[in-house]
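Below, chains carry the letters A, B, ... as their sequence lines are ordered, and counting in each starts from 1. Please read these numbers as outputs of a predicted model, since none were measured by experiment.
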Amino acid sequence: MSDKITITFPDGNSKTCKSGINGFEIAEGISKSLAKESIAIKINGEVFDLTRKIENDSKIQIIKKSDEEALHIIRHDCAHVMAEAVQSLFPGTQVTIGPSIENGFYYDFARKDPFTVSDLPKIEKKMHEIINNGEKFTREVWSRSDAIKYFKNKGEEYKVELIKDLNPEEEISIYKQGKWLDLCRGPHMTNTKQIGKGFKLMKVAGAYWRGDSNNAMLTRIYGTAWRNEKELESHLKQIEEAEKRDHRKLGKEMNLFHFQEEAPGAVFWHPKGWSLFQSLINYMRLRQDKEGYLETNTPELLDRSLWETSGHWEKFRENMFTTDPKEEKIFAIKPMNCPGAVEVYKQGLKSYRDLPLRMSEFGKVHRYEPSGALHGLMRVRAFTQDDAHIFCTEDQITSESKNVCELILSIYKDFGFSDVRIKFSDRPERRVGNDTIWDKSEEALKNAMEATGLDYTFNPGEGAFYGPKLEFILRDAIGREWQCGTLQVDLNLPERLGANYVAEDGQKKTPVMLHRALFGSLERFAGILIEHYAGHLPLWLAPTQIVIATITSDSDDYAINVKDKFLRKGINAEIDLRNEKIGYKIREHSTSKIPIILAVGKKEEKDKTVSVRRLGNNNTKTVLVDKILEDIKNEIIEKK
RNA sequence: GCCGCAGUAACUCAGGGGUAGAGUAACUCAUUGGUAAUGAGUAAGUCGGCAGUUCGAUUCUGCCCUGUGGCACCA
């Protein structure tokens, strides 16, 4: 081994150094300020500690605190410091794992009494102490047996288990900061001081050891960590903004819906919320009609025997509500619309000429969701799907799937969702049908996907119990992802339920069934829209589109007159004739998110105008009634 | 389902072993006003439910329900 090595910088320049040099020394050789700013080093694409010796020719990149990669390291360091703080404050607490995550980090602890939020300030204070002490992070490599012995001695059973499960090939590295140490792959910064003050402990939660609900529940502390206090502040601000959009809060403020104890996971839609809901249905109906869908409706209660035949009874039973058996028969409330759809299909003889047959249904389904999963409109036990089942031949799978994909993307665009991700899920463990059928349906869906030319990611083992599926995930105005639409290829249910058609050769064949929902759940989609628009629904979706507010009661007749004009054009207008000041009315209708307020007084009445004020804009404009009527009509049509 | 937290007036929330308080809304009266809160007054609560401790529980304890932050789940 030569004692000289060549290191190459990102800009292509290279330099000869003595073997064994480390990142910090390299940085120092360049400039003092770089050395001060640097926190880690990337060697041949992998990130290491700044003190890691470099012994071969390498491509390197010094990572500074301002670099993107730095956040992960800062957060991971923070997790270690938190664990030290916790163990010093609460002796006897075992450490388990503590990774960095999006926006922060967590650490899972094993402790008889779980932590509560009131413990957080204490822990945070201790963390600041540790950071201020400027403890050095140092890396050591231990033998497996030493490590096991050490942690066993300390009573750290979880760490022992982790070490035992490590790949035998893998080096067992230990990171120390001061007297405290942890099993860790690294990398870390060189000193706790580098973490700074840009962190905050956020919440405590329970979490299963190794994510398995059969295991013990640990107590988890979440924190957020950033490069500095300013970044932390801006992140906290962002959380605050997201909270303001919470559909549960806005739903109450805008009087859209409510929930109550007697119906957990089921929505009480108020008139305004139902108006939004119906707008969505009407819109979808219009779009589907154009694509040749035929609307149907099927029973909510179906006999157990049908669910047994379809396979739901066996594979989906624990999610289904059943009725009190007053008779011999047991009925189940439908958790899916597909068996009903097949029964409609089966009425009358079908020929290959009838295919593809696209049957839609706005079907309300009930699923028993675990109590802890319920969340406003986003996760409910009773919801309405914009469902459809396309019965087709195998040859038609590709073109039908392609149409569905195009329809979905086009529809999402109308709501301002243009960033859509697609996931492909194949056969789950719990499924019906043999592997030949699954091979065939996965192949077919994959081909269809290729035909669309759209990108997708692979999501193994997450398909429906009857077939593989695509999931459409959209990104909302503040960057959150929501899974909405789905497309599933099903070669199982039509056969199980005895659907068939007469083919060109006179033989009876089993059709393929494509299940698809575009909004997915109407309830959920409404919730997403409320958050996406932060309650400022676009005109075409707003339950009350316009409020006409009078300045004084002298203008009452004129206001009523104007309102009628709007109503006649199908625009949802209300009037506010109350004996209140105009400022009061403006404030109230603004807070309830009315898109357009038209103020009318003596002047407007004389000129046949209105004073137009739009939500989120403090300017007003005086416009002829007929003109604004026309503008608003167009805006609704254009879905702006 | 599991761990933590919460449930007080229509809403948002304060309080705390001696049967409760604010702001907003509602209602009444006055006010007819020009673009985000006019003023005064009135009324309003089985303090989530059931047990227990106590002379006394909305307050403490236990169980349950619902919500909530996570975990697990999302077929």
When rounded to the nearest Å, what value does the distance between P atoms of B:A37 and B:U24 take? 14 Å
Secondary structure of RNA chain B in dot-bracket form (Watson-Crick or G-U wobble, distances below 3.5 Å, | marking inter-strand pairs): (((((((..((((....[..)))).(((((.......))))).....(((((..]....))))))))))))....
Output field: ring centroids A:Phe109/A:Phe90 closer than 6.0 Å: no
Taking atom types as they are modelled, is there a donor-acceptor pair under 3.5 Å from the base of B:A72 to the side chain of A:Arg210? no
Report which part of the nucleic acid A:Arg613 touches: base, sugar-phosphate, or nothing (heavy-atom distance under 4.0 Å, all strands). base
Report which part of the nucleic acid A:Gln260 touches: base, sugar-phosphate, or nothing (heavy-atom distance under 4.0 Å, all strands). nothing
Return the value, rounded to whole Å, for the distance between atom NZ of A:Lys249 and atom C1' of B:C13. 14 Å
When every nucleotide of nucleotides 1-6 of chain B is labelled 5' to 3' by its protein contacts under 4.0 Å (heavy atoms), B for base, S for sugar-phosphate only, - for none, what sequence of letters results? BBBSS-
In whole Å, I'd like the distance from the NE2 atom of A:His536 to the C1' atom of B:A36. 13 Å
When rounded to the nearest Å, what value does the distance between C1' atoms of B:G21 and B:U58 take? 13 Å
Roughly how far apart, to the nearest Å, are B:G39 and B:U31 at atom C1'? 8 Å
Along RNA chain B (nearest heavy atom to each residue), the more 5'-positioned of A:Phe259 and A:Tyr466: A:Phe259
The criterion is ring pair (Phe, Tyr, Trp, His ring centres under 6.0 Å); which residues satisfy it with A:His270, sequence neighbours excluded? A:His258
Here the distance between atom C1' of B:A36 and atom NZ of A:Lys593, to the nearest Å, is 12 Å
Base, sugar-phosphate, or nothing: which does A:Gly583 touch, judged by heavy atoms less than 4.0 Å apart? sugar-phosphate
Quick one: is A:Lys203 getting a side-chain N or O under 4.0 Å of the B:G70 phosphate, OP1 or OP2? yes
Would A:Arg210 and A:Glu161 pass as an ion pair if we require N to O under 4.0 Å? yes
Say we look at B:C71 and B:U12: how far apart would their C1' atoms be, to the nearest angstrom? 30 Å
For B:A6 and B:U38, measure between their P atoms and round to the nearest Å. 38 Å
A:Lys621 has an atom NZ; how far is it from atom P of B:U35, in whole Å? 18 Å
Compare the minimum distances between each of B:A37, B:G34, B:G69 and the side chain of A:Arg248, then state the nucleotide with the smallest one. B:G69
Round to a whole Å and report the spacing from CE of A:Met378 to P of B:C73. 21 Å
Cation-pi check, A:Lys203 to A:Tyr222: give yes when NZ or CZ is under 6.0 Å from the six-membered ring centre and within 45° of the ring axis, no otherwise. yes
Base, sugar-phosphate or nothing for A:Met336? Non-hydrogen atoms, less than 4.0 Å. base
To the nearest angstrom, the CD1-P distance between A:Ile597 and B:U35 comes to 13 Å
If we take the P atom in both B:U68 and B:U61, what is their distance in whole Å? 25 Å
Quick check, are the ring centers of A:His366 and A:Phe383 under 6.0 angstrom apart? no
Using a cut-off of 4.0 Å on non-hydrogen atoms, how would the nucleic acid contact of A:Ala464 be classed: base, sugar-phosphate, or nothing? sugar-phosphate
Please tell me which of A:Ser611 and A:Glu369 maps to the more 5' nucleotide of RNA chain B, matching each residue to the nucleotide holding its nearest heavy atom. A:Ser611
Exactly one candidate in A:Phe362, A:Phe525, A:Trp269 meets ring pair (Phe, Tyr, Trp, His ring centres under 6.0 Å) with A:Phe277; the answer is A:Trp269
Determine whether any donor atom in the side chain of A:Arg379 lies under 3.5 Å from an acceptor atom in the base of B:C73, or the reverse, and answer yes or no. yes
For A:Lys602, which contact category applies under a 4.0 Å heavy-atom criterion: base, sugar-phosphate, or nothing? base
Side-chain donor-acceptor pairs of residues 98-106 of chain A under 3.5 Å, sequence neighbours excluded:
| unit_1 | atom_1 | unit_2 | atom_2 | d |
| --- | --- | --- | --- | --- |
| A:Ser100 | OG | A:His72 | ND1 | 2.6 |

Hey, does the side chain of A:Glu300 reach the backbone of A:Val365 with a donor-acceptor pair shorter than 3.5 angstrom? no
What is the separation between atom NE2 on A:His589 and atom C1' on B:G34, rounded to the nearest whole Å? 15 Å
Say you pick atom C1' in B:A43 and the same atom in B:C29; how far apart are they, in whole Å? 15 Å
Kindly give the atom pairs (protein nitrogen or oxygen, nucleotide nitrogen or oxygen) under 3.5 Å for nucleotides 25-32 of chain B.
| unit_1 | atom_1 | unit_2 | atom_2 | d |
| --- | --- | --- | --- | --- |
| B:U31 | N3 | A:Asn579 | ND2 | 3.1 |
| B:U31 | O4 | A:Asn579 | ND2 | 2.0 |
| B:U32 | O2 | A:Ser553 | N | 2.8 |
| B:U32 | O2 | A:Ser553 | OG | 3.3 |
| B:U32 | N3 | A:Ser553 | OG | 2.8 |

If you look at every strand shown and take non-hydrogen atoms under 4.0 Å, does A:Lys315 touch a base, only sugar-phosphate, or nothing? nothing
So is A:Arg75 actually on top of A:Trp226's ring, under 6.0 Å and inside 45° of the axis? yes
Is there a side-chain contact between A:Tyr222 and the phosphate of B:C71, meaning an N or O under 4.0 Å from OP1 or OP2? yes
Measuring to OP1 and OP2 of B:G69, would you say a side-chain N or O of A:His375 lies under 4.0 angstrom away? yes
Is any NZ, NE, NH1 or NH2 atom of the basic residue among A:Lys602 and A:Glu605 found under 4.0 Å from an Asp or Glu carboxylate oxygen of the other? no
Quote, to the nearest angstrom, the C1' distance that separates B:A9 from B:U46. 13 Å
My understanding is that only one of A:Glu124, A:Lys126, A:Met127, A:Gln87 makes a side chain to side chain contact (heavy atoms under 4.5 Å, CB included) with A:Met82; could you say which? A:Met127
Centre of A:Trp313's six-membered ring, under 6.0 Å away, within 45 degrees of the axis: is that where NZ or CZ of A:Arg317 sits? yes
Quickly, which of A:Lys272, A:Lys585, A:Lys563 forms a salt bridge (charged side-chain N to carboxylate O under 4.0 Å, His left out) with A:Glu574? Name it, please. A:Lys272
NZ (A:Lys200) with more than 12 external heavy atoms under 6.0 Å: no
Output all residues satisfying ring pair (Phe, Tyr, Trp, His ring centres under 6.0 Å) with A:Phe472, sequence neighbours left out; order by chain, then residue number. none
Let me know the distance between CG of A:Leu374 and P of B:C73, rounded to the nearest Å. 16 Å
I'd like to know if A:Glu604 reaches the base of B:G34 with its side chain, counting only an N/O donor and acceptor under 3.5 Å. yes
What contact category does A:Gly461 fall into here, base, sugar-phosphate, or nothing, at under 4.0 angstrom with non-hydrogen atoms? nothing
